[in-house]
Amino acid sequence: MTTGSTHDKDAGRVVMRRADGSPINVLVVDDEPVLAELVSMALRYEGWEITTAGDGATAIAAARETPPDVVVLDVMLPDMSGLDVLAHLRAQTPGLPLLLLTAKDSVEDRIAGLTAGGDDYVTKPFSIEEVVLRLRALLRRTGVADETGGAQIVVGDLVLDEDSHEVTRGGESITLTATEFELLRFMMRNAKRVLSKAQILDRVWSYDFGGRSNIVELYVSYLRKKIDSGREPMIHTLRGAGYVLKPVR
């Protein structure tokens, strides 16, 4: 189940793919439709194929029909324990990478999940970006994907290094806060795409943030001062639609 990565400079994304060039398949199992869709939307931005399931039985059947490369699995499901689902999936595909989602954050619960075979976990509420980063790391760590040389995202003369967190434009170093970095990474991965304030809130902050769009406006203005100041602008506002980052032609 070896995969590689391609660097799409026009889209500003590092895309993990299987060795045959086909997209990575992700199974997202969660009984909260809104949360499942937010996670799925973020993973589609990664260029991955997504299958969703709202309960354990559907998840097991879906995995049998379309074997996933990695699974995002909620521990609390309406029909059975997520850990039982994990056991079924591992019986079908030994070594299948699994990221557990749980509202329980006690040490005992985390140990139980990892002992049952989960490779990693995040507790709710979580940042959607954190889930994506955990999955990318999990795919690399378990050998499902290899991103050698794929740590940089490039859009025009703007370069972001995901490992070192260094950002340069035209070769000039730019210092960003952690939140500014996550916002820029999201915009660069989706270069030339119009991103709504709601999408940015969901991805850069957390799915239950509360929807105050003025924080997005504030951080976009911070980024503009650092990325575009004294240069031809890359970050653009589309009134009533959102923001788009695109290379200077």
Side-chain angles (χ1 to χ4, degrees), residues 1 3 16 23-46 48-145 182 186 198-199 201-211:
M1 196 158 57
T3 71
M16 283 184 169
I24 286 174
N25 293 312
V26 185
L27 174 60
V28 177
V29 187
D30 198 298
D31 63 341
E32 298 180 52
V34 173
L35 178 56
E37 177 53 31
L38 287 174
V39 172
S40 298
M41 180 179 70
L43 300 185
R44 288 189 194 102
Y45 283 141
E46 297 296 310
W48 302 344
E49 296 289 340
I50 312 300
T51 302
T52 59
D55 57 60
T58 304
I60 293 168
R64 189 176 296 115
E65 182 175 340
T66 305
D69 295 304
V70 65
V71 178
V72 179
L73 176 62
D74 189 4
V75 172
M76 303 291 287
L77 295 172
D79 59 340
M80 66 176 75
S81 165
L83 300 185
D84 290 336
V85 177
L86 186 157
H88 279 282
L89 296 180
R90 278 284 169 76
Q92 290 176 201
T93 310
L96 176 65
L98 289 117
L99 175 67
L100 300 177
L101 306 180
T102 177
K104 300 177 178 180
D105 58 1
S106 73
V107 173
E108 292 80 6
D109 289 320
R110 283 179 277 175
I111 291 175
L114 296 175
T115 301
D119 296 291
D120 201 355
Y121 68 91
V122 293
T123 56
K124 298 179 180 180
F126 50 75
S127 155
I128 299 296
E129 180 73 10
E130 179 185 7
V131 172
V132 175
L133 293 176
R134 294 287 188 95
L135 284 175
R136 290 169 72 93
L138 184 56
L139 288 167
R140 287 194 297 265
R141 191 168 72 242
T142 56
V144 173
E182 296 301 341
F186 182 46
Q199 286 176 313
L201 274 173
D202 290 337
R203 183 68 183 273
V204 178
W205 280 268
S206 62
Y207 73 91
D208 64 344
F209 183 78

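With a 4.5 Å cut-off on side-chain heavy atoms, L99 and D119 do not count as touching. For the pair Y45 and Q199, the minimum side-chain heavy-atom distance is below 4.5 Å. Side-chain contact between V75 and Y121 is absent, with no heavy-atom pair separated by less than 4.5 Å. Contact annotation: the side chain of E32 approaches that of K124 to within less than 4.5 Å [non-hydrogen atoms, C-beta and beyond].
No side-chain donor-acceptor contact under 3.5 Å links N25 to the backbone of D69. A distance-only check finds no donor-acceptor pair linking the side chain of D31 to the backbone of L77 [under 3.5 Å].
Separation of atoms CG (L100) and CG (L83) is listed at 7.0 Å; rounding is to 0.5 Å. Put simply, CG on D84 and CG on L89 are 11.0 Å apart, with the number rounded to the nearest 0.5 Å. The distance from the CD1 atom of I50 to the CG atom of L43 is 4.5 Å, given to the nearest 0.5 Å. L35 contributes atom CG, which lies 6.0 Å from atom CD1 of I128 (distance to the nearest 0.5 angstrom). Atoms CZ and OG1, on R64 and T93 in that order, are 10.0 Å from each other to the nearest 0.5 Å. In this structure, the separation between CZ on R134 and CG on L139 is 13.5 Å, given to the nearest 0.5 Å.
In terms of heavy-atom proximity, G56 sits nearest to V85 at CA-CG2, 3.5 Å. For V29 against A59, the heavy-atom pair with the smallest separation is CG2-CB, 3.6 Å. Contact between L96 and V70 at its shortest, heavy atoms only, is CD1-N, 4.1 Å. Contact between G82 and L73 at its shortest, heavy atoms only, is O-CD2, 3.3 Å. For the residue pair P23 and E49, the shortest heavy atom distance occurs at CB-CG, 3.5 Å. Shortest non-hydrogen contact noted between A57 and D79 is N-OD2, 3.0 Å.
For the side-chain contact (heavy atoms from CB on, under 4.5 Å) with D30, the lone residue among T52, D74, D55 that qualifies is D74.
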